[in-house]
Amino acid sequence: MAQGHIIPFLALAIELEQKRGCTITFASTPLNIKRIKPSLPPNSSIQLLEIPFRSSDHGLPPDCENTHDLPYHLILKLVEASRSLKPSFHKLVYDLVRKQHGRLPLCIISDSFFGWCADIAHELGFKNSRYADVREPSRWSWYHLILKLVEASRSLKPSFHKLVYDLVRKQHGRLPLCIISDSFFGWCADIAHELGVFHAIFFPFCAFSTACYYSIGMSLPHRNNDSKEFVLADFPQASRIHVTQMSENLQGGHGAETIRKLVQDCMSIDGALFNSMGELDEAGLAFFQKTFGKPFWPIGPVLLPPGTGSRAGNEAAIKAVEVCRNWLDTKPPNSVLYVSFGSQNTVSASQMMHLAFALEASGKNFIWAVRPPTGFDINSEFKEKEYLPEGFENRNKASGRGLLVHQWAPQMEILSHKSTSAFLSHCGWNSVLEGLSYGVPIIGWPMASEQFYNVKLLEEEIGVCVEVARGRISEVKSEDIVAKIDLVMNDTEKGKEMRKRACEVRNIINNSIADKEEFKGASVKAMDDFLNAAMLMREEAKRTP
Ligand SMILES: O=c1ccn([C@@H]2O[C@H](COP(=O)(O)OP(=O)(O)O[C@H]3O[C@H](CO)[C@@H](O)[C@H](O)[C@H]3O)[C@@H](O)[C@H]2O)c(=O)[nH]1
């Protein structure tokens with residue numbers, strides 16, 4: 001927004017176009033673009049795009065978009081005001097990519113005053129990815145909406161307050177033993193305490209990954225660090241964490257405020273339950289104990305029995321169980337790879353192609369719970385012809401090597417079948433617990449939230465996982481995926497070791513939930529301790545006038 005900058009920028013754009021054959025889009029504010037237009041050489045196809053800006057909205061005289069138009073004392077104000085261009089520029093870039101059918105620019109070159117463009121460039125993963133899937137409202141806005149939902153859920157408090165009081169009234173004043181709420185509803189503690197009732201959070205995660213997530217959200221360590229890796233000051237047990245192991249919300253910093261509130265909520269709880277096993281989650285549990293000074297009970301794995309999943313009972317689900325079981329019955333023991341990215345995640349279009357090539361090239365039997373790639377509604381129809389290599393489904397159907405399950409796969413049934421050998425998973429914590437409960441080693445491809453740290457725990461601490469890729473925008477090569485599949489499923493040293501370890505972990509899990517007269521597992525004891533603590537509080541409340 002200064003002639004002294006615009007002129008060399010224009011020169012650079014012309015040089016890159018005419019001498020290097022680059023396709024150039026030149027973006028600036030409307031009046032600057034108007035000024036630049038006549039300066040383009042007649043044979044140039046540089047595209048000029050406007051970023052909306054109204055100087056009068058920023059305490060500047062109207063129609064001032066260039067230092068040239070301003071007295072010296074207002075120049076700093078213009079520089080400050082130019083920061084407001086970011087959201088519009090963000091939209092401009094994404095619209096551009098969408099128009100180019102997901103093809104990303106090679107790079108963004110910004111003026112020295114617009115260093116913030118780096119965030120947008122990195123968000124698109126320019127360095128790592130040739131294609132972005134932004135044909136539909138972008139994946140980022142979807143993530144922003146999740147934060148919005150979390151925020152909105154706070155408004156439930158007054159109604160929940162009323163609900164609890166109505167319930168107590170209906171029960172003639174008899175109080176509940178405790179209120180157990182989700183980690184996003186820590187505010188329930190206020191209502192429980194008003195009634196003198198115990199309040200606990202149930203984390204459907206392991207403590208290790210929740211600790212990483214909370215610690216990163218509270219300190220955003222990548223902000224004060226030039227290197228791409230960091231160690232968490234309050235949780236060094238997690239060892240080195242790479243910025244690519246941060247969810248999009250944390251990388252951009254916009255999830256930090258939500259985490260801060262969640263952590264604050266944790267201060268007033270009486271205790272918390274983790275869906276994990278103490279023996280495998282010691283460091284994370286110690287972090288919570290130390291940080292919040294409350295009891296934390298690992299009561300996991302708490303899993304639905306096979307066949308009772310949320311989609312069970314409907315005809316399609318029953319049919320899917322039958323199809324998968326029959327198909328698996330025809331396969332030798334330990335020969336099938338199961339691929340699924342959980343209930344709310346999917347890979348990008350180019351990643352999906354590479355994954356499909358890899359599954360064919362690996363020569364292994366596989367079941368793949370397919371979902372449309374990013375940019376499409378995850379629950380919409382899966383169009384093989386559009387999303388997968390030509391003839392993929394028919395070829396694999398004919399050879400009997402691969403089974404595609406559209407939409408919802410009977411995951412527990414698949415994982416518990418003796419033919420299943422390995423699980424390529426996004427490592428949502430439920431999937432992890434389900435896989436490990438049946439001694440199935442994992443090929444990890446974390447996508448979001450705490451999944452990156454689940455993989456870390458499973459690979460570095462527990463030894464039942466290898467990571468194959470990270471996130472939706474990283475470039476994956478089919479040969480790398482094949483190498484990881486071979487490593488885990490073939491008779492390699494590492495594969496044997498992982499399978500052995502997965503069976504040991506299955507035994508740890510079985511032991512932890514054993515509830516026999518002669519032996520109570522650690523998770524069962526933890527549940528006893530939790531209920532005792534709640535009862536103790538009730539007794540104390542009765543004694544207090
Ligand atoms: O085709 C499918 C897909 C999923 N599932 C089931 O759905 C659940 C999926 O849970 P999970 O593996 O944890 O994945 P997400 O749905 O992605 O889980 C969210 O919730 C988890 C627990 O809180 C977090 O660990 C994740 O990061 C978060 O994405 C599991 O029980 C699966 O068995 C099926 O049965 N069939």
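For ligands, and for the atoms within them, numbers begin at 1 and follow the listed sequence.
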Colleague: Just to confirm my output: which protein heavy-atom neighbour is closest to atom 7 (O) of ligand 1, and how far is it?
Modeller: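 Looking only at protein heavy atoms, the one closest to atom 7 (O) of ligand 1 is Trp408 CH2, 3.6 Å.
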Colleague: Give me the residue, atom name and distance of the protein heavy atom closest to atom 1 (O) of ligand 1.
Modeller: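 The protein heavy atom lying closest is Ala409 N, 2.7 Å.
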Colleague: Between Asp528 and Lys520, does any side-chain N to carboxylate O distance fall below 4.0 Å?
Modeller: yes
Colleague: Can we say Glu151 and Lys261 salt-bridge, meaning some charged N sits less than 4.0 Å from an Asp/Glu carboxylate O?
Modeller: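 Result for this pair is yes, salt bridge flagged.
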Colleague: Between Arg260 and Glu257, does at least one N-O distance fall below 4.0 Å, as a salt bridge requires?
Modeller: yes
Colleague: I need the nearest protein heavy-atom contact for atom 33 (O) of ligand 1: residue, atom name and distance, please.
Modeller: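 Checked against all protein heavy atoms, atom 33 (O) of ligand 1 sits closest to Glu434 OE1, 2.6 Å.
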Colleague: Identify, by atom number and element, the atoms of ligand 1 in contact range of Ser449, meaning under 4.0 Å from any of its heavy atoms.
Modeller: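 What qualifies from ligand 1 is 27 (O).
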Colleague: Looking at Arg325 and Glu413, does any basic side-chain N land under 4.0 Å from a carboxylate oxygen?
Modeller: no
Colleague: Short list, please: which atoms of ligand 1 are under 4.0 Å from a heavy atom of Gln344?
Modeller: 17 (O), 29 (O)
Colleague: Atom 14 (O) of ligand 1: which protein heavy atom is closest, and how many Å away?
Modeller: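 Nearest neighbour among protein heavy atoms for atom 14 (O) of ligand 1, to 0.1 Å: His426 NE2, 3.1 Å.
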Colleague: Starting from atom 28 (C) of ligand 1, find the nearest protein heavy-atom neighbour and note its residue, name and distance.
Modeller: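 Protein heavy atom with the smallest distance to atom 28 (C) of ligand 1: Gln451 NE2, 3.9 Å.
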Colleague: Give me the residue, atom name and distance of the protein heavy atom closest to atom 12 (O) of ligand 1.
Modeller: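 Ranked first by proximity to atom 12 (O) of ligand 1 is Ser431 OG, 2.5 Å.
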Colleague: Please confirm whether Met447 comes under 4.0 Å of ligand 1, counting heavy atoms of the residue only.
Modeller: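 In this structure, Met447 fails to qualify as a contact of ligand 1 - no heavy atom is under 4.0 Å.
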Colleague: Under 4.0 Å from a heavy atom of Gln411: give me the atoms of ligand 1 that qualify, with their elements.
Modeller: 32 (C), 33 (O), 34 (C), 35 (O)
Colleague: Which protein heavy atom lies closest to atom 16 (O) of ligand 1, and at what distance to 0.1 Å?
Modeller: Ser343 OG, 2.4 Å
Colleague: Looking at Gln245, is its backbone amide N or carbonyl O close enough to the side chain of Tyr453 to form a donor-acceptor pair, meaning the two atoms are under 3.5 Å apart?
Modeller: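 At least one qualifying donor-acceptor pair exists.
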Colleague: Heavy atom under 4.0 Å from ligand 1: found in Asn345's side chain, backbone, both, or neither?
Modeller: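 Just the side chain.
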Colleague: Starting from atom 20 (O) of ligand 1, which protein heavy atom do you reach first, and at what distance in Å?
Modeller: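 Here the closest protein heavy atom is Asn430 ND2, 4.4 Å.
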Colleague: Once you restrict to heavy atoms under 4.0 Å, what part of Phe341 touches ligand 1? Side chain, backbone, both or neither.
Modeller: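 The answer is neither.
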Colleague: Going by the side-chain contact (heavy atoms from CB on, under 4.5 Å) test, name the single residue among Asn511, Leu433, Val505, Ile513 that passes it with Met277.
Modeller: Leu433
Colleague: Counting only heavy atoms closer than 4.0 Å, does ligand 1 sit against the backbone of Met412, its side chain, both, or neither?
Modeller: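 Under 4.0 Å from ligand 1, Met412 contributes no heavy atoms.
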Colleague: Quick check on contacts: which atoms of ligand 1 are under 4.0 angstrom from a heavy atom of Glu450?
Modeller: 24 (C), 25 (O), 26 (C), 27 (O)
Colleague: Quick one: which ligand 1 atoms are inside 4.0 Å of a heavy atom on Pro204?
Modeller: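 Close to Pro204: 22 (C), 23 (O).
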Colleague: If the cut-off is 4.0 Å to any non-hydrogen atom of Gly342, which atoms of ligand 1 fall inside it?
Modeller: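 By the 4.0 Å cutoff, the relevant atoms are 3 (C), 4 (C).
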